[in-house]
Amino acid sequence: MKNEESIFFSDPSFLFEAYPNRVSSVIALEEAQKALHEELEIKYFYEGSATLLIGTQTVEVKAGDVVVINPYEFHTTLDGGGETPGKYHLFMIGLDIFADAGADVPDLRHLLLGGQISFQTHFPSDPKLGTLLQILVLESTLRRSYYRLTVRGLLMQIFAHLLREGVRDEESPVPHKDVIRHYRIIEPALRAIRDEYARAFT
């Protein structure tokens, strides 16, 4: 499935990409406004520091921190970290990554775009999450045999951890509620297109 919302994925049959060893830099506001996307974005900071704006929240990050950006959540870098800029591994994850994984695996699209939950933004020094993400970037870089199977297994562990430890409280605002509300209206049509796009129209 290659569409406008999956521009991050060089292989559209596998909705995951890793971008290791990126360096924080301040992004112009007009460019940041284009960064809204459906994919879930995770950043693991392994060196330096930075100041991010995610939604309306200012987040100070340092080495060992993890940042999770929910679908359609505005985000930009306010301060790259000066002499010691924040260095991080970036992961982009499509919401349908587990679509064929069976009933025991959560439907991320339904949970996140259906307004059921949203993830917390900042995970300061979460050892388990950090370790899983470090292994994930290693597997993504080496791409040894059974790479996809290993990555999917790691992603399942990551999301199990996020669902256990990282869901926002019910009182916390769901990011971009208007976008999600509109998505709920058109989601059946989008799902039909996604499932039936290969069939000929009559």
Side-chain angles (χ1 to χ4, degrees), residues 1 5-6 8-9 13-19 35-46 52 54-57 59 61 64-75 88-140 146-184 187-188 190-191 194:
M1 178 190 66
E5 292 177 338
S6 296
F8 296 100
F9 306 116
S13 67
F14 189 55
L15 300 178
F16 168 81
E17 289 280 1
Y19 303 88
L36 289 174
H37 48 74
E38 179 183 283
E39 291 76 13
L40 194 77
E41 180 174 335
I42 299 178
K43 295 180 177 180
Y44 172 71
F45 285 82
Y46 61 88
L52 311 179
I54 302 173
T56 59
Q57 181 181 358
V59 181
V61 296
D65 289 4
V66 175
V67 168
V68 176
I69 299 166
N70 290 279
Y72 299 113
E73 194 164 45
F74 177 83
H75 54 286
Y88 62 94
H89 304 310
L90 170 66
F91 306 93
M92 303 299 303
I93 304 157
L95 300 184
D96 296 317
I97 186 75
F98 303 133
D100 59 350
D104 291 335
V105 179
D107 182 345
L108 295 178
R109 177 174 294 278
H110 174 71
L111 287 175
L112 292 168
L113 288 185
Q116 305 297 313
I117 65 165
S118 63
F119 291 124
Q120 296 173 23
T121 296
H122 189 201
F123 296 81
S125 301
D126 185 321
K128 182 172 182 178
L129 191 54
T131 298
L132 288 169
L133 291 170
Q134 289 178 75
I135 299 171
L136 185 58
V137 78
L138 182 64
E139 288 289 342
S140 302
Y146 303 107
Y147 148 75
R148 288 190 176 191
L149 181 62
T150 304
V151 165
R152 280 170 66 96
L154 287 165
L155 288 172
M156 286 183 183
Q157 292 183 67
I158 288 166
F159 281 110
H161 182 72
L162 290 176
L163 288 166
R164 282 178 171 175
E165 308 293 339
V167 174
R168 283 177 171 149
D169 297 333
E170 290 183 5
E171 293 77 18
S172 300
V174 175
H176 293 274
K177 292 170 76 172
D178 286 341
V179 172
I180 292 175
R181 179 169 54 84
H182 295 152
Y183 176 84
R184 287 179 184 168
E187 196 276 338
L190 292 176
R191 186 175 292 275
R194 186 167 60 248

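Numbers for residues simply follow the sequence, beginning at 1.
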>> Can you list everything that forms a salt bridge (charged side-chain N to carboxylate O under 4.0 Å, His left out) with D100? Sequence neighbours excluded, please.
In response: R152
>> Measuring only between side-chain heavy atoms, which start at C-beta, is F119 closer than 4.5 Å to L112?
In response: yes
>> Can you confirm whether E165 sits close enough to Q120 that some side-chain heavy atom of one is under 4.5 Å from a side-chain heavy atom of the other?
In response: no
> Would you call Y46 and H89 a side-chain contact if the rule is heavy atoms closer than 4.5 Å?
Replying inline: yes
> For H161 and Q157, what are the C-alpha separation, side-chain angles and deciding distance, and is it a side-chain hydrogen bond (donor to acceptor under 3.5 Å, both in side chains)?
Replying inline: CA-CA 6 Å; H161 182 72; Q157 292 183 67; over 6 Å; no
> Is the backbone of E73 close enough, under 3.5 Å, to the side chain of H75 for a donor and an acceptor to pair up by distance?
Replying inline: yes
>> I need the minimum non-hydrogen distance between M92 and F9, along with the two atoms involved.
In response: O-CE2, 3.5 Å
>> If you apply the rule side chain to side chain contact (heavy atoms under 4.5 Å, CB included), what do you find for I54 with F74, and how did you get there?
In response: CA-CA 6 Å; I54 302 173; F74 177 83; over 6 Å; no
>> Can you tell me how the ring of F159 sits relative to the ring of F98, calling it parallel under 30°, perpendicular over 60° and tilted otherwise?
In response: perpendicular
>> Nearest 0.5 angstrom please: L155 CG to E139 CD, how far?
In response: 11.0 Å
> Hey, is the main chain of H110 close enough, under 3.5 Å, to the side chain of D107 for a donor-acceptor pair?
Replying inline: yes
> Taking the side chain from D65 and the backbone from S125, do they hold a donor-acceptor pair closer than 3.5 Å?
Replying inline: yes
> Is the closest side-chain heavy-atom distance between L162 and V167 below 4.5 Å?
Replying inline: no
> Distance from L108 atom CG to Q116 atom CD, nearest 0.5 Å?
Replying inline: 12.5 Å
> Can you tell me how far the NZ atom of K43 sits from the CG atom of L90, to the nearest 0.5 Å?
Replying inline: 6.5 Å
> Does L136 reach the side chain of F16, with side-chain heavy atoms less than 4.5 Å apart?
Replying inline: yes
> Passes side chain to side chain contact (heavy atoms under 4.5 Å, CB included), Y147 versus F14? Steps please.
Replying inline: CA-CA 11 Å; Y147 148 75; F14 189 55; 3.9 Å; yes
> Between E38 and R109, does at least one N-O distance fall below 4.0 Å, as a salt bridge requires?
Replying inline: yes
> Step by step, would you call V67 with I42 a side chain to side chain contact (heavy atoms under 4.5 Å, CB included)?
Replying inline: CA-CA 6 Å; V67 168; I42 299 178; over 6 Å; no
>> Any non-hydrogen side-chain atom of I69 less than 4.5 Å from a side-chain atom of L40?
In response: no
> Is the shortest heavy-atom distance from the side chain of V61 to the side chain of H122 under 4.5 Å?
Replying inline: yes
> Hey, does E17 have a side-chain heavy atom less than 4.5 Å from the side chain of F91?
Replying inline: no
> Measuring from L133:CG to F45:CZ, what's the distance to the nearest 0.5 Å?
Replying inline: 12.0 Å
